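Below you'll find the structure, written out as structure tokens, and then a few comments.
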2 protein chains.
Amino acid sequence: MVPSETLFPLVTVDVALFTVIDDSLRVLLVQRALEPERRRWALPGGMLKPALDGSLEAAARRVLQRKVSVDVAHLEEVCTFSGADRDPRGWSIAVLFCALLQKDQVNALVRDKVEALEWADATNPGHRMAFDHALQLQTALARLRARVAAKALPLHMLPERFTLTQLQRTCEAILGHPLDKSAFRRRLKDSPDLVELDEFVRGAQRPAQLYRAGDGFSFSG
Amino acid sequence: MVPSETLFPLVTVDVALFTVIDDSLRVLLVQRALEPERRRWALPGGMLKPALDGSLEAAARRVLQRKVSVDVAHLEEVCTFSGADRDPRGWSIAVLFCALLQKDQVNALVRDKVEALEWADATNPGHRMAFDHALQLQTALARLRARVAAKALPLHMLPERFTLTQLQRTCEAILGHPLDKSAFRRRLKDSPDLVELDEFVRGAQRPAQLYRAGDGFSFSG
DNA sequence: AGAATAGTGTCTGTCAGACAGTATCGC
DNA sequence: GCGATACTGTCTGACAGACACTATTCT
């Protein structure tokens with residue numbers, strides 16, 4: 001215990017990194033290699049380093065870069081968690097971020113040498129989690145769902161070109177319940193966030209039109 | 001400059017404390033008594049003190065208690081502001097809170113011995129503000145407006161017993177535009193957040209029914 | 001032809017804005 | 001009665017859920 005603890009809190013950033021795999025919403029968990037809470041599963045996170053980071057959001061990007069070598073398309077602050085008891089090392093602040101990963105980057109994650117990675121079911125991760133990360137995950141999930149329920153489109157989770165059915169499946173996976181196809185498409189018909197392309201996906205059935213994100217698109221802006 | 005600055009950021013809490021005076025939305029500003037930014041107007045705020053504060057929200061309550069001796073009914077985290085340049089003392093984090101003040105407590109504010117207080121127009125405070133507080137105010141105001149636009153009732157700004165017209169005027173002051181009376185009341189007709197009382201306000205016209213907040217009421221919950 | 005998926009049309013209920021109307025007070 | 005404010009009724013258009021329908025491909 002260093003004396004500065006009573007003057008300065010520990011400041012960490014944690015990231016709930018979401019993606020959709022097989023129509024199920026997943027969140028990235030890492031198994032901690034160091035004490036405290038060694039071997040427990042946790043959201044990827046790390047200490048703020050003022051000498052390296054331009055802001056808390058930059059710190060979150062650095063953590064993701066270091067742990068999984070990934071640049072996420074969307075990163076958004078959710079809220080903070082603070083107090084003397086949430087981390088045994090002392091009075092601490094965790095700033096929670098919510099991030100969306102492009103589907104085609106899921107396999108680009110680099111497995112850190114010491115930590116195990118897992119894409120856990122976001123609604124039921126199946127591990128007892130470190131610190132207050134179970135609460136953090138619940139909070140980030142609620143924020144993500146609220147945004148999608150409020151008609152934000154999770155385009156940052158999809159490949160650059162995608163079909164409306166893919167988009168609908170992604171929204172359904174996030175929300176956890178099915179959506180009506182007709183209503184879903186009607187809502188998107190005149191959205192400036194979607195641009196109709198002149199390309200189609202061919203499969204074992206009727207071809208589906210491809211779309212891309214509109215130019216000024218932002219998930220929450 | 002102490003060397004710990006490169007390891008630990010300064011952590012402060014700032015509070016945008018809103019109320020409605022004369023049908024206009026106001027925010028509490030204080031004039032700084034100390035450097036840096038001495039004599040500039042700012043949102044009330046202060047350093048986090050881990051030895052005193054149970055959490056960042058508790059720190060915000062302590063700051064309000066110390067600066068204006070007031071216990072606010074609603075206090076909600078908005079987001080953080082961070083970086084090396086926002087405060088000349090070094091790399092810093094400000095955690096912004098949004099608070100609502102009961103109308104009948106407006107005059108209960110204690111003027112701190114060194115700082116001047118002012119209830120400034122929230123949309124146009126009329127001062128050049130310290131640090132990034134102009135941006136903070138704008139952000140807190142946007143959050144408040146978004147909540148009220150999403151049908152949250154700012155009952156924490158009203159006295160314990162109030163009329164529907166008072167409530168509507170308060171919402172209008174927050175949003176900055178008039179609301180339709182019929183639609184407003186229709187929406188509240190079956191709300192569990194409002195309880196009809198058996199009392200009326202008598203004036204120079206038809207008496208108005210009084211209401212109080214429902215038992216489990218929370219501005220954003 | 002039939003399976004499978006893409007995409008559309010229509011009915012209906014809910015809800016909000018607009019606005020006119022009625023009710024009840026003081027003077 | 002008149003002014004003022006409280007409160008209500010009704011019309012209408014926007015929109016979302018439900019669900020049946022058509023369209024186009026592959027096998």
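Nothing here was measured: the structure is a model prediction, and the numbers come from that model. In the text below, chain A, chain B and the rest are named by the order of the sequence lines, each starting its count at 1.
At least one donor-acceptor pair under 3.5 Å links the side chain of B:Arg61 to the backbone N or O of B:Val72. A side-chain donor-acceptor contact under 3.5 Å links B:Arg145 to the backbone of B:Ile174.
Taking atom CZ on A:Phe200 and atom C1' on D:dA23, their separation rounds to 12 Å, with Å as the unit. Atom pair A:Gln209:CD and C:dT5:C1' shows a separation of 15 Å (rounding to whole Å applied). Atom-to-atom, CZ of B:Arg185 to P of D:dT5 comes out at 14 Å; the value is rounded to the nearest Å. Between B:Arg169 atom CZ and D:dT5 atom P there is a gap of 9 Å when expressed in whole angstrom units. Between B:Arg187 atom CZ and D:dT8 atom C1' the separation is 17 Å, expressed in whole Å. Atom pair A:Leu188:CG and C:dT8:P shows a separation of 12 Å (rounding to whole Å applied). Going from atom NZ of A:Lys151 over to atom P of D:dC15 covers 11 Å, rounded to whole Å. The CG atom of A:Leu167 sits 15 Å away from the C1' atom of C:dG7 (whole-angstrom rounding).
Residue B:Ala208 is the one, among A:Lys181 and B:Ala208, whose nearest nucleotide of DNA chain D lies closer to the 5' end (criterion: closest heavy atom). Between A:Ala183 and A:Ala204, the residue whose closest nucleotide on DNA chain D is further toward the 5' end is A:Ala183. Comparing A:Leu164 and B:Gln205 along DNA chain C, the residue whose closest nucleotide (by nearest heavy atom) sits nearer the 5' end is A:Leu164.
The CD atom of A:Glu77 sits 7.0 Å away from the CG atom of A:Leu56 when rounded to the nearest 0.5 Å.
No N or O donor and acceptor, one from the side chain of A:Arg206 and one from the base of D:dT27, sit under 3.5 Å apart. Interface remark: the B:Ser182 side chain does not form any donor-acceptor pair with the C:dG17 base, using a distance-only criterion of under 3.5 Å.
Considering only side-chain N and O atoms, A:Lys189 lies nowhere under 4.0 angstrom from the phosphate OP1 or OP2 of C:dG7. Checking the phosphate oxygens (OP1, OP2) of C:dC15, no side-chain nitrogen or oxygen of B:Arg186 falls inside 4.0 Å.
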Practice item. Let me see the working for B:Thr12 and B:Phe81 under side chain to side chain contact (heavy atoms under 4.5 Å, CB included), right down to the final yes or no. Key: CA-CA 10 Å; B:Thr12 63; B:Phe81 296 80; over 6 Å; no
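Listed candidates were C:dC19, D:dT25, D:dC19. Nearest to the side chain of B:Asp180 is C:dC19.
Ring-plane geometry between B:His74 and B:Phe219 is classed as perpendicular, the angle between the planes exceeding 60 degrees on a 0 to 90 degree scale with a lower cut at 30.
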